Amino acid sequence: MKNTVRVLLLGICLAVMPPVHAGLEVFDFGGKVDEQRYKDLIGELRCLVCQNQSLADSDAELAHDLRKEVYELMAQGKSNDEIIEFLVDRYGDFVLYKPPVKPSTWALWYGPFALLLVGVLVLARTVRQRHRQADPELSEEERRRLKKILGEDGEGSGSA
Amino acid sequence: MPAFVRYLAPLLAFLALAALLYKGLSLDPHKVPSPLIDKPAPAFSLPLLKDPGKTLSADELRGKVWLLNVWATWCVSCRAEHPVLMQLAASGKVPVYGLNYKDKREAALRWLQRYGNPYTANAFDADGRVGIDWGVYGTPETFIIDKEGVIRHKHIGPITPEVLRSEIYPIVEKLERAG
């Protein structure tokens, strides 16, 4: 009895649940277009509408159109670079999850290393300073006073 | 290192970072700069919305400054923008051409009948193919194209009276003067 209810519930859930990939188009990968290459490519391109999703993940209308466009360009025999160039020409570097290295993105690419370098320099300085403080050099005057104190204490040994 | 430098340096670093982050807060990440600015307008030849037998192409519009407004009846902010476009058309300062983007012809015609038609002509881009060439990713979008057929400006999102006054009109006037 319990099992029947379970099976029934599961059946209802499956019937009500919308298919997860309802938004994906059906393409024919039998011919010239390599399915893996297509999937890799739309996975690394960014959708402009829902900006934190790739073209592969997004269900936005534009993402549908751009997936179709990518498929068609692949069917025409275009290389990945050519397809990426096609999209960058229209939508800018924003479509790339991995921005190109150029003067305007230097801060992005090299900034973290510059900050790391600054951090290392500051750390080295601090450590050196601490070291010096831990082992301070006595001045002439201090040395004389020390001698005097130790001398009064009977050569400063054995008394402690 | 003098003491005041030692105490001021972190403060200055903090202020610089705060200024940078504050600037970041005021930027709208949905406004992606278009790579098409200062590039020739992508060519297109599309059927007119009103008369599918005729076509509109970017080439025909050479020699004058014009606006391309990308819109659709399913686009909510296009509705908000519409009265401003009417105002723009009434000013007679610059012709507004429409790119009716991924829309239904009957719906678009009904919209123009009901709310008024600010467009000199409308190109009907049913599958959004021309929209891709123009880098359209959200309607409404408005491009300003100069007499040489070069895109000089793109406004993303609805045009408000303020945008009209401070952005569209000054740019159009400058382009009109430029020969």
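Within every chain, numbering begins at 1; the chains are lettered A, B, ... in the order of the sequence lines, protein sequences first and strands thereafter. Note that these values count all heavy atoms, side chains included, but never hydrogens, waters or copies made by symmetry. Note that this is a predicted model, so its numbers are computed, not measured.
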* State, yes or no, whether a side-chain contact exists between B:Val32 and A:Gln51 at a heavy-atom distance under 4.5 Å. =>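 Contact flag for B:Val32/A:Gln51 side chains = yes.
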* Does any non-hydrogen side-chain atom of A:Phe86 lie less than 4.5 Å from one of B:Ile132? ->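 Yes, at least one pair of side-chain atoms sits under 4.5 Å.
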Using a cut-off of 6.0 Å, state whether more than 12 heavy atoms not belonging to [X] lie near its atom [atom1].
{"X": "A:Lys39", "atom1": "NZ", "answer": "no"}
{"X": "B:Gln113", "atom1": "CD", "answer": "no"}
{"X": "B:Tyr22", "atom1": "OH", "answer": "no"}
{"X": "A:Trp106", "atom1": "CH2", "answer": "no"}
{"X": "B:Arg129", "atom1": "CZ", "answer": "yes"}

* Asked: Rounded to the nearest 0.5 Å, how far does OH of B:Tyr137 lie from CG of A:Leu66?
  ->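 If we round to the nearest 0.5 Å, A:Leu66:CG and B:Tyr137:OH are 13.0 Å apart.
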Given that the side chain runs from C-beta out, which part of [X] has a heavy atom under 4.5 Å from chain B: side chain, backbone, both or neither?
{"X": "A:Leu48", "result": "both"}
{"X": "A:Asp93", "result": "neither"}
{"X": "A:Val88", "result": "backbone"}

* Asked: Taking A:Tyr91 for the side chain and B:Trp134 for the main chain, is one N or O donor matched with an acceptor at less than 3.5 Å?
  ->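 Side chain of A:Tyr91 to backbone of B:Trp134: no pair is present.
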* Asked: Picking from B:Asp133, B:Asp127, B:Leu36, which has the most non-hydrogen pairs under 4.5 angstrom with chain A?
  ->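 Counting heavy-atom pairs under 4.5 Å, the top option is B:Asp133.
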* Linking I/L/V/M/F/W/Y whenever any side-chain heavy atoms sit under 4.5 Å apart, do B:Val96 and B:Tyr169 land together? ->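 In one cluster: yes.
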* Asked: Do B:Val163 and B:Met86 share a hydrophobic cluster, counting only Ile, Leu, Val, Met, Phe, Trp and Tyr and linking them when any side-chain heavy atoms are less than 4.5 Å apart?
  ->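 B:Val163 does not cluster with B:Met86.
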* To do: Identify the heavy atoms of B:Pro35 and A:Gly92 that sit nearest to each other, and give their distance.
  =>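 Heavy atoms of B:Pro35 and A:Gly92 come nearest at CG-N, 3.2 Å.
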* **A:Asp65 bridged to B:Lys102 by N-O distance under 4.0 Å** =>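 A salt bridge links A:Asp65 with B:Lys102.
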